[in-house]
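First up is the structure itself, then whatever we jot down about it.
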Amino acid sequence: MNGLPPSVLQQEASLGDLLDVKSFTEVCQSFAELYRVGLKVFDAQGNRLVEVKVGNADFCGYIWQKPDGRSQCIATVQKVKGEAVPEEAKPVAFDCFSGCRYVVQPVLYEGDAIGRIVFGPFVPDDLVQLPRTLTSISPDFDASRAASYMQKIRRVPQGTAEKILHHFSEILDVLVFTGHKNLLTARLHIEAVQESYRELQDKNHQLEESFGKLKELDRLKSNFLATMSHELRTPLTSVIGYSEMMLEGLGGPLTAEQREYLGIIMEKGENLLQLITSILDITKIEAGRVRLVMSEVELGQLVRDAVSTVLPHARKKGLTLHCEHAANMPKVLCDREKVRQCLINLVSNAVKFTPSGGTVTVGASELPGERVALFVTDTGIGIPEEHVPKVWDVFYQVDGSSTREYGGAGLGLAIVKSFVEAHGGEVQVRSVPESGSTFTMVFPQRGVATAARAPHAKSAAS
Amino acid sequence: MVAFNNESREIALKVVYYGPALSGKTTNLQALFQKIDPKVRGRLMTLDTKDDRTLFFDMMPVFFRSASGVKVKLKLYTVPGQVMHESTRRIVLQGTDAVAFVADCRRTEAAPTLAYWNDMLKNLEANGLDPKTLPIVIQMNKRDLPDSRGDEELTDLMQVIRPLVIPAVAIRGDGVLETLHVLLTLTYRSLDQRVALERSWHISEREFLSQIFSHMDLRGTQLAGAGAAR
């Protein structure tokens with residue numbers, strides 16, 4: 001048999017398994033008392049499950065005292081217990097040498113004889129006197145004493161004994177059937193649970209395997225990105241560097257047009273470099289290779305730095321930039337470079353998504369519980385509600401179509417979240433579509449550096 | 001798998017009625033129980049829930065002794081139909097010698113029926129049984145209901161699939177004995193091929209079938225005049 005362990009359905013049950021022998025014995029006792037005749041039940045192997053004696057103790061005890069009586073008694077018992085009887089629901093009579101009689105009937109279940117019922121001994125009502133076979137067992141056999149003991153054994157016509165036995169076998173049949181049914185129910189219940197468990201384990205195993213494969217693929221992807229970003233950056237540095245040298249006139253005088261073109265090459269080159277740097281950052285984060293360098297940082301300074309970095313671009317777009325922070329902000333222990341990068345990412349985003357004439361406000365504030373917040377508020381296009389939980393995911397774009405209006409790789413916010421969380425802080429976003437968004441980074445004043453971890457899809461939604 | 005006991009000269013066989021929930025598996029067994037002589041069968045054991053749906057299985061034993069003195073014990077089982085009892089279906093299928101697939105032949109039931117057919121093939125394989133060689137018949141049950149597939153469709157179906165298809169209305173007892181008769185004929189032949197029932201055990205196909213079907217009430221079935229019981 002492949003796979004499955006053998007079921008209880010495949011096994012034959014023995015009579016002892018199907019009955020609760022203790023309570024069955026009680027049934028037999030009350031039955032035997034009612035009819036005042038002894039009763040024995042054996043299983044198919046000849047093991048005695050129940051024995052109830054009624055009335056024959058003195059009689060049999062007396063015979064047992066004589067050696068011949070004892071040996072013949074043993075032979076009779078063996079015959080009654082073991083001699084083959086036809087496999088049908090009919091009683092068979094066995095005569096004892098003592099004149100008593102037994103009736104025996106096999107216990108049939110599903111066409112098999114799974115045991116036998118022995119009813120007796122009783123005295124057949126046609127017995128007139130003690131037989132020779134009994135009186136001759138010993139020269140000193142006291143027939144009158146034996147006859148008086150025999151009085152205590154019930155005298156029954158054989159037909160009646162057979163009827164009683166038949167009745168008992170019908171009761172036993174119901175008990176056996178019920179017992180078998182209960183046994184199968186209980187065992188099958190367990191088997192079904194075991195089988196379901198085995199099935200679940202198989203599935204778990206398969207899931208684990210595919211999860212392992214996915215993790216390996218993810219690692220390969222990160223490696224690839226890291227390598228490629230590095231390879232892209234090297235020639236790009238030359239492109240930017242040589243453009244810069246030409247602009248400075250190192251290659252000879254330039255016309256106004258050449259100067260303008262070189263300016264564009266340099267600007268786009270810088271954009272590209274920034275993008276590649278972001279990819280490198282995120283792959284470093286994913287590989288767990290980012291370590292924070294902690295120092296005391298004045299947040300007001302950080303805010304002013306970020307604003308002045310983005311100011312030219314904002315002016316060009318016709319936006320107003322505000323700074324908003326208290327004069328005496330406490331110093332915060334954090335990685336200056338990473339927090340500055342985060343703030344610039346947020347402010348650049350705000351500028352990118354705010355149409356001309358809008359306002360971007362950058363600020364810092366103290367929060368209760370020794371925490372500080374850096375926030376960027378804009379009056380831009382906002383984020384539809386269903387996208388809000390996912391904006392922190394790596395590569396996630398609210399508008400992911402190829403014809404989208406706003407560029408970007410979808411890495412800026414993922415990097416922000418990773419860096420802030422590496423400080424033991426958290427990020428928040430509130431947004432109303434068509435009227436603007438506020439992104440907030442909350443840091444503990446005394447940050448604890450942990451390795452940055454990349455936010456994956458789903459994790460940010462929780 | 002069929003169990004032989006050379007010492008006690010016994011053969012134990014197992015037949016499973018498989019199929020989707022409420023397709024009529026238990027109804028088949030109940031109809032057989034009514035039609036078969038109590039002398040050659042045991043009680044019908046039903047493990048069901050309060051709503052009368054099969055919890056684990058139904059089981060009915062049938063037995064006879066051949067002229068050569070071999071005791072043949074046949075156990076008929078049904079599997080529980082509901083989807084959640086998948087593991088029980090697999091356990092009940094264990095070691096089966098033949099399968100009667102009871103299908104609800106209404107067109108609306110075609111998709112679940114196919115799903116259970118595939119489920120059965122999977123569970124047979126999980127038990128190391130080969131659906132290509134195992135005796136299987138398909139009973140197209142509930143032919144009396146509106147929307148059931150017509151005779152022509154059944155004829156077409158019989159031409160494209162290997163197992164024999166037998167139409168039935170189990171609730172009226174129609175086709176129930178015919179299904180078992182075809183299945184047991186296939187079972188006998190498959191066993192005879194593997195273990196030489198005729199040569200080694202001296203049980204002929206005719207005797208094997210007649211020992212069971214001569215104890216059945218064949219009135220109103222196609223078997224009545226066909227000599228199946230003789």
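Quick note on labels: first sequence line is chain A, next is B, and so on, each numbered from 1.
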Open item on the list: Quick one, Asp112(A) and Glu10(B) - any side-chain contact, counting heavy atoms below 4.5 Å?
Closed with: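 Heavy-atom side-chain distance check passes, below 4.5 Å.
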- [ ] Measure from the side-chain N and O atoms of Ser7(A) to the backbone N and O of Ile91(B), and report whether any donor-acceptor pair falls under 3.5 Å.
- [x]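 Such a contact is absent between Ser7(A) side chain and Ile91(B) backbone.
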Open item on the list: If we ignore hydrogens and angles and just use 3.5 Å, is the side chain of Lys181(A) paired with the main-chain N or O of Thr46(B) as donor and acceptor?
Closed with: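 Yes, because the side chain of Lys181(A) sits within donor-acceptor range (under 3.5 Å) of the backbone of Thr46(B).
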Using non-hydrogen atoms only, which part of [X] is less than 4.5 Å away from chain A: side chain, backbone, both, or neither?
{"X": "Arg65(B)", "answer": "side chain"}
{"X": "Lys39(B)", "answer": "neither"}
{"X": "Val92(B)", "answer": "both"}

Looking at [X], I want to see if its [atom1] is surrounded by more than 12 non-hydrogen atoms of other residues, nucleotides or ligands under 6.0 Å.
{"X": "Gln193(B)", "atom1": "CD", "answer": "no"}
{"X": "Ile171(B)", "atom1": "CD1", "answer": "no"}
{"X": "Arg162(B)", "atom1": "CZ", "answer": "yes"}

Open item on the list: Looking at Lys73(B) and Glu12(A), is any side-chain nitrogen of the basic one under 4.0 Å from a carboxylate oxygen of the acidic one?
Closed with: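 Yes.
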Task: NZ/NE/NH1/NH2 to OD/OE distance under 4.0 Å, Arg43(B) and Glu110(A) - done: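 Looking at Arg43(B) and Glu110(A), the cut-off is not met.
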When rounded to the nearest 0.5 angstrom, what distance separates [atom1] in [X] from [atom2] in [Y]?
{"X": "Phe57(B)", "Y": "Leu9(A)", "atom1": "CZ", "atom2": "CG", "answer": "5.0 Å"}
{"X": "Thr185(A)", "Y": "Phe56(B)", "atom1": "OG1", "atom2": "CZ", "answer": "7.0 Å"}
{"X": "Leu184(A)", "Y": "Met59(B)", "atom1": "CG", "atom2": "CE", "answer": "6.0 Å"}

TODO: Among the options Lys75(B), His85(B), Arg89(B), pick out the one with the most heavy-atom pairs lying under 4.5 Å from chain A.
DONE: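 Looking at each option in turn, the highest pair count goes to Lys75(B).
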Task: Minimum heavy-atom distance Ser87(B)-Ser196(A), with the two atoms named - done: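 Here Ser87(B) and Ser196(A) meet closest at OG-OG, 3.1 Å.
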- [ ] Would you mind checking which part of Gln194(A) comes under 4.5 Å of any heavy atom in chain B, side chain (CB onward), backbone (N, CA, C, O), both or neither?
- [x]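 No part of Gln194(A) comes within 4.5 Å of chain B.
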Open item on the list: Using side-chain contact (heavy atoms from CB on, under 4.5 Å), reason through Gln94(B) and Glu191(A) one step at a time and then give a plain yes or no.
Closed with: CA-CA 12 Å; Gln94(B) 190 174 88; Glu191(A) 283 180 16; over 6 Å; no
TODO: Could you walk me through whether Glu86(B) and Glu195(A) pass the side-chain contact (heavy atoms from CB on, under 4.5 Å) test, one step at a time?
DONE: CA-CA 9 Å; Glu86(B) 168 78 19; Glu195(A) 181 56 18; over 6 Å; no
